[in-house]
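Comments concern the structure below.
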Amino acid sequence: MLEVKDLSMVYQTPKKEEVSALLNVSFTLEKGEFLTILGPSGCGKTTLLNIIAGFLQPTQGEAVFDGESVSGPSPQRGMVFQQGALFEWMSVEKNVSFGPRMADRPKPDAEISENTRYWLDTVGLSGFGGKPVYELSGGMQQRVALARCLANDPGLILMDEPLGALDALTREKMQGLLLKLWNETGKTIILITHSVEEALILGERLFVMAPRPGRIEKEYRLPFAEQGVADDSRKIKAQSDFVQIREEVIGMIWSMEEEIMGRQEEG
Amino acid sequence: MMKNILRALNAENTENQRKIVSFGDSSLVEAPGGRIWTFASIAFLLLLWILSGTFGWVNPLFWPPIGDVWHQLNVIASEGYRNATLLEHIGISVYRVLMGFLLGCMVGIPLGFALALSKVMNRIFDPIVEFFRPMPPLALIPLVILWLGIGESAKIFLLFLAALWIMALATRSGALSTNIAKVYAAYTLNANKRQILFRIILPNALPEIFTGMRVSMGVCWGTVVAAELVAAESGIGMMIMVASKFLSTDIVVLGVILISLVAYAIDIFMRIMEVRLIPWRGKSS
Ligand SMILES: Nc1ncnc2c1ncn2[C@@H]1O[C@H](COP(=O)(O)OP(=O)(O)OP(=O)(O)O)[C@@H](O)[C@H]1O
Ligand SMILES: [Mg+2]
């Protein structure tokens, strides 16, 4: 279980200006929940994720995961980055087995390679283990990143626009894969995205965040992720309840973006 | 047959042959094949040299005919020069360069990591590095001779200095170029600081460290000749210096060519090692 308690984050710019990236953000995420976060650019999504991951110290409040206050990165909280976080000097296999190999008391080699093979199979990359990562396409690289995270068996998976760099078709396939993995592993997942459809399809819960100061503007509980595990996502996207929420959320983000633009023109 | 040889020399892989945009595509420039141009340019220069000697286009005092240089090569190779064989002269120069270079790497690379990874180290060493870096090692020759005499250690120390700052800065720049996402990812994957250094930051810095090695190797060659010009009983630089006193331009030119060839051979070796050891160079996703 993840508890985020009254988090605030104020950045100091080099010119001594203060940017309030997050203000009094609180929420609780149960084990096995899939949360997606939407919001206009600069509303503090990455900041929130980085605090939960333990990369950043908030100026106020704390995040507590499984009863422990977050004070630094931990293998219990895995992260999948947008791109560029694979180790290009290692093969696909070495990337995926990196976590288990770096453990304080690593498991026997045979077990690690068995685990690696399992996750490569699961993300559909069997047979690619020996390849250097730079020989893979963008979509395949993101699957390696996913497998690398899962192979380390974290309780919570944080994803910052993991599919942002992919083409529409690959992206849809990856969304299916995420749902399948979520359903099979029961992991708790937080995923940031700029795509409203993606947020609705994947999230059991959805936060729409607003900027300046960054805060949770609205929360939704959504049935589509559960449905999507069995059903075709194209069918869900055509449903009237899906379309209705989609339009509502798009409208909300649009008006926020417009407000930001207006403020910039005045200022 | 000639045609086949030419074709082999000019061979390119088919993927590149299909490219329409060529200007600005570096992979085309570096692709194998097209060696015929190299041979043509070398042949042209040699031809020019032969012709200029045959027809007396330049005063041999300024630039000797190719035959004279060839003759000197044979003489020195068989009889030696100034109490040492040609191989000994080349060997001692190579030895000095390699020693200085290796010492420079051994100190410069850790120093570069210290500069990049620790604020305290950065604040301590940054002014020192920045102060000594622009100083040409040759300007230190008088001081170094005072400290260490004119023996081997003085020359190796100069070469060490020449390599040191280049290696430190190249390593620092390579280490600083590590994408923070990779470091974050490694931390969430159980890595401790030592593992982050050796498995993430070091491999990430390797391409730039290698570039630094090639640059400092070149600088070391320049420095060894100059150091031998000032004070040495042996070495190619000393050969050049003595020959120039006697106006034997042919030996001077021979020395210059020998140094270039040896330095070029070492650079080619390093390039091959680079391709072998860091195939991921320039492939960061
Ligand atoms: N290191 C920093 N120093 C100063 N301000 C920062 C820093 N990092 C982020 N900010 C500011 O904090 C706010 C939130 O940034 P954050 O990166 O969390 O936004 P985001 O929601 O992830 O945006 P995007 O959707 O574009 O990725 C922004 O206004 C940004 O300018
Ligand atoms: Mg962001």
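Predicted model, so just to flag it, every value in this text is computed and none were measured. Naming: A, B, ... by sequence-line order, numbering from 1 per chain.
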| task | With a 4.5 angstrom heavy-atom cut-off, could you sort out which part of A:P154 is near chain B: side chain, backbone, both or neither? | result | neither
| request: Compute both the distance and the angle, then confirm whether B:R271 meets the cation-pi test with B:F210: under 6.0 Å from the six-membered ring centre, within 45 degrees of the axis. | output: no
| chain B heavy atoms under 4.5 Å from A:F55: which part of the residue, side chain, backbone, both or neither? | both
| said: Please tell me whether A:T28 and A:E3 have a donor and an acceptor in their side chains that are separated by less than 3.5 angstrom. | reply: no
| query | Relative to chain A, which segment of B:I200 carries a heavy atom at a distance below 4.5 Å: side chain, backbone, both, or neither? | reply | both
| task | Could you tell me whether the side chains of B:Y187 and A:S74 share a donor-acceptor contact shorter than 3.5 Å? | result | no
| message | Taking side chain as everything from C-beta outward and backbone as N, CA, C, O, which of these in B:N204 sits under 4.5 Å from a heavy atom of chain A? Side chain, backbone, both or neither. | response | both
| field | A:Q175 versus A:E198, side-chain donor and acceptor atoms under 3.5 Å | value | yes
| task | Answer with yes or no whether the side chains of B:N190 and A:N152 bring together a donor and an acceptor at under 3.5 Å. | result | yes
| said: Looking at chain B, which one of A:M79, A:R148, A:R77 has the largest number of heavy-atom pairs inside 4.5 Å, strictly under? | reply: A:R148
